[in-house]
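Throughout, a chain's letter reflects where its sequence line sits, starting with A, and its residues are numbered from 1. No hydrogens, no waters, no symmetry mates; every other heavy atom, side chains included, goes into these values.
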2 protein chains.
Amino acid sequence: MATIKQVADAAHVSFKTVSRVINDDPNVSATTRARVIDAINTLGYRPNLIARNMRTRRSHLLGFVADEIATTPFAVNLIKGAQDAAWKRGFMLMIVSCDNDAARAEGAVETLLERKVEGVVYATMRHEVIVPPPHIDEAPSVFANCRAEDGSVASVTPNEERGGFEATETLIHRGRQRIALINLEPGATAAQARLAGYLRALTTHGLPIDERRIRNTDDGQPDDGFRRMDELLDLTPPPDAVFCANDRIAMGAYDAIKARGLRIPQDISVIGFDNQEVIAAYLRPALTTMALPHYEMGYWAVEHLLRALDNGAISPEQVMLPCPLVRRASI
Amino acid sequence: MATIKQVADAAHVSFKTVSRVINDDPNVSATTRARVIDAINTLGYRPNLIARNMRTRRSHLLGFVADEIATTPFAVNLIKGAQDAAWKRGFMLMIVSCDNDAARAEGAVETLLERKVEGVVYATMRHEVIVPPPHIDEAPSVFANCRAEDGSVASVTPNEERGGFEATETLIHRGRQRIALINLEPGATAAQARLAGYLRALTTHGLPIDERRIRNTDDGQPDDGFRRMDELLDLTPPPDAVFCANDRIAMGAYDAIKARGLRIPQDISVIGFDNQEVIAAYLRPALTTMALPHYEMGYWAVEHLLRALDNGAISPEQVMLPCPLVRRASI
DNA sequence: CTGTTAGCGCGTTCAT
DNA sequence: ATGAACGCGCTAACAG
């Protein structure tokens, strides 16, 4: 690999002049510049960013620590958003998944710090309240899709309550009156907020709250959705719409509805949550659902980090991003 | 951030001694070592890997370039496999997605090279034959889930033919005689091989090949699967099993089968391909399918890279990994 | 067992 | 407009 010095020799200038050319310093005559560029090309020279960063003490590197990266396809959008924001400013991401292993999380943060990342985003695959991994405070950091209990670290999370509200309101605007909710497993951070939004929508629109129409799942999976939907259909009168707190639940609900010979959306409207594409877009009829803003969260997290680097300080903002409605054919 | 020199001062030793302690050099007396470790801890010292790497000329960094990262959930397993293999050896991954943009791919490779990655894995989300991105040959590289037409670069891909063979054979062992195939869109690299495997299985087991039972899709999506399955069901006699060349096609086929009041697997067996979890595991009944070895490919790619670094040379092996059968309830 | 000197490839400071 | 000397934080090579 050619060095700056070899280029300098080839171009018969000092290596400092080469440095100037690389960094677009105007104080180089056109002819010298041309000669240097020529030498760069013939030698296939490539600046050594490691060396440069060591000197400038800026790595243009951001760490991205994910609690895990396997189960859901959400990671991908989070990363994509983060990367787009970083790439635009000439930053690169160093991504580590720690598979829900605290030791690995700590190790990841330490390694990233040793590699002189200028900031760290810590992302979880499920919306959660977390205790920050050790040492993460040694670099500017942002939590994506999760937040610290004490709000000490900047965070960006989905506005679940408003999502729940709008999902329910969409059903109400559709003219539905007996709207059921099949909620997530009670432990999930999002469960409470989505329920709260559901209740607020009913109240706001003067609809009665019927406890029998509200069900929890054990694990938020399709089998659960099937069973709960089946129970709801036994009610008299049965619901004319159902808000499934995630798309997998909706997937199971579809089967239960179809098994009774009912039609979606003519007999019953279904709305989901998460916009898990492979499910939502492919169900028959395609599922109307609330999208989780993963891409936007990743993007915001990195932008906030970059802003902090510009300003020399990071503000511990707690931002919530909307969950937009994705209209398909199920309501 | 404390430096090695500050630690040395605090411990009243030369900075070289600190260096020895950090690198587990045995030539340090126990008492000195203890004193140094003490200083390290009180100062919160963290070695600067940038500086170390500059000196040792080893970055312990691997580049991971993905053609895109958004549409399918496959990226995640590829990355996970790569990361696990890297982490085990103290390497980190620098991941870039270039969104099918050639310019971005070239830029990504250049940036990675400037950052002194010791090797690059280039991965595609769909099994493909590609022309290598420019400059990638400047570092040891491996293609994952794709290969160069001329075999000049090491590659690891799924054994699609054998997967197609085993999928079909599984159906045959189940006692099925009239096995249909709904294949991918004809342009897909995997389409030919999966078809070849299907044909070989029929031939091997002395079953006739009936052209009418072989259908292509336009885009490999559920709607397509629905239509093709519907056509197949019009045949006399209808197939008693169907090999869907991906799980999304199978998803559509399920709907077509159920719409006719037929039962899976009693009336007709369905086997898929890809093991796209959110679909395969959640369909009712759960879909038996062939898994794509994404994790394994990512793992192999990095291991091969690491082997090459150990050996000082990379061999352009063209490895194919098996697609294991995932038994569920649909056959 | 410990310390000294040199230098990795660059950018910064100052001189010319 | 160009160059020389210096140092970023660390390890290698050698000395003691």
Side-chain angles (χ1 to χ4, degrees), chain A residues 1-40 43-61 90 110-118 138, chain B residues 1-40 43-61 90 110-118 138:
Chain A
M1 196 67 236
T3 73
I4 199 173
K5 203 173 284 184
Q6 293 170 301
V7 174
D9 290 347
H12 303 294
V13 294
S14 81
F15 73 87
K16 176 62 229 189
T17 301
V18 179
S19 170
R20 284 202 179 88
V21 172
I22 296 169
N23 294 293
D24 287 322
D25 187 318
N27 287 330
V28 182
S29 72
T31 57
T32 309
R33 180 183 301 275
R35 207 142 32 89
V36 169
I37 290 179
D38 210 48
I40 287 177
L43 289 179
Y45 167 76
R46 230 181 262 297
N48 182 333
L49 293 191
I50 300 276
R52 171 182 295 172
N53 293 344
M54 173 142 124
R55 191 59 246 235
T56 59
R57 327 208 53 171
R58 304 240 11 210
S59 65
H60 286 258
L61 223 50
E110 289 188 308
T111 308
L112 290 173
L113 256 17
E114 291 174 356
R115 287 184 186 270
K116 299 298 165 210
V117 295
E118 298 188 42
E138 292 180 35
Chain B
M1 196 69 236
T3 74
I4 199 173
K5 205 173 282 183
Q6 292 169 300
V7 174
D9 289 347
H12 303 292
V13 295
S14 81
F15 68 87
K16 175 64 222 187
T17 301
V18 179
S19 170
R20 285 202 179 86
V21 171
I22 296 169
N23 294 291
D24 288 320
D25 187 319
N27 287 330
V28 181
S29 73
T31 58
T32 308
R33 179 182 302 276
R35 206 143 32 89
V36 170
I37 290 178
D38 210 46
I40 287 176
L43 289 179
Y45 167 76
R46 228 181 264 297
N48 181 332
L49 293 191
I50 300 276
R52 171 183 294 172
N53 293 344
M54 173 143 123
R55 187 63 245 229
T56 59
R57 327 208 51 169
R58 305 242 8 214
S59 64
H60 287 260
L61 223 50
E110 288 187 311
T111 308
L112 291 172
L113 255 17
E114 290 174 357
R115 288 183 186 271
K116 300 297 164 210
V117 296
E118 299 189 41
E138 293 180 34

Value in whole Å for how far the [atom2] atom of [N] lies from [atom1] of [X]:
{"X": "A/Q6", "N": "C/dC8", "atom1": "CD", "atom2": "P", "answer": "11 Å"}
{"X": "A/L49", "N": "C/dC10", "atom1": "CG", "atom2": "P", "answer": "9 Å"}
{"X": "B/I50", "N": "D/dC10", "atom1": "CD1", "atom2": "P", "answer": "11 Å"}

#### Entry: Within residues 7-17 of chain B: residues closer than 4.0 Å to DNA chain C (heavy atoms)
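Per residue number, the list reads B/V13, B/S14, B/K16, B/T17.
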
### Query
Which residues in residues 19-36 of chain A have at least one heavy atom lying under 4.0 Å from any atom of DNA chain C?
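Listed by number, they are A/S19, A/N23.
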
Do the side chains of [Y] and [X] get nearer than 4.5 Å, heavy atoms only?
{"X": "B/H60", "Y": "A/R115", "value": "yes"}
{"X": "A/I22", "Y": "A/I4", "value": "yes"}
{"X": "A/N48", "Y": "A/T3", "value": "no"}

For a quick test of reading the model, state the closest non-hydrogen atom pair linking [X] to [Y] and the distance between them.
{"X": "A/N23", "Y": "A/S19", "answer": "ND2-O, 2.8 Å"}
{"X": "B/V36", "Y": "B/V7", "answer": "O-CG1, 4.2 Å"}
{"X": "B/Y45", "Y": "B/A2", "answer": "CD1-O, 3.3 Å"}
{"X": "A/E118", "Y": "A/S59", "answer": "OE2-N, 3.0 Å"}
{"X": "A/N53", "Y": "A/R58", "answer": "OD1-O, 2.8 Å"}
{"X": "A/N27", "Y": "A/D25", "answer": "N-OD1, 2.8 Å"}

Sort me out a list of protein N/O and nucleotides 7-9 of chain D N/O pairs below 3.5 Å, or just none if empty.
residue	atom	partner	partner atom	Å
D/dG7	N2	A/R55	NH1	3.0
D/dG7	N3	A/R55	NH1	3.3
D/dG9	OP1	A/R57	NH1	2.9
D/dG9	OP1	A/R57	NH2	2.5

### Message
If you assign B/T56 and A/T56 each to the DNA chain C nucleotide with the nearest heavy atom, which residue ends up on the more 5' nucleotide?
### Response
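Its nearest nucleotide being more 5', the pick is B/T56.
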
### Query
Is the closest basic N to carboxylate O distance between A/E138 and B/R46 below 4.0 Å?
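Answer for the salt bridge query: yes.
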
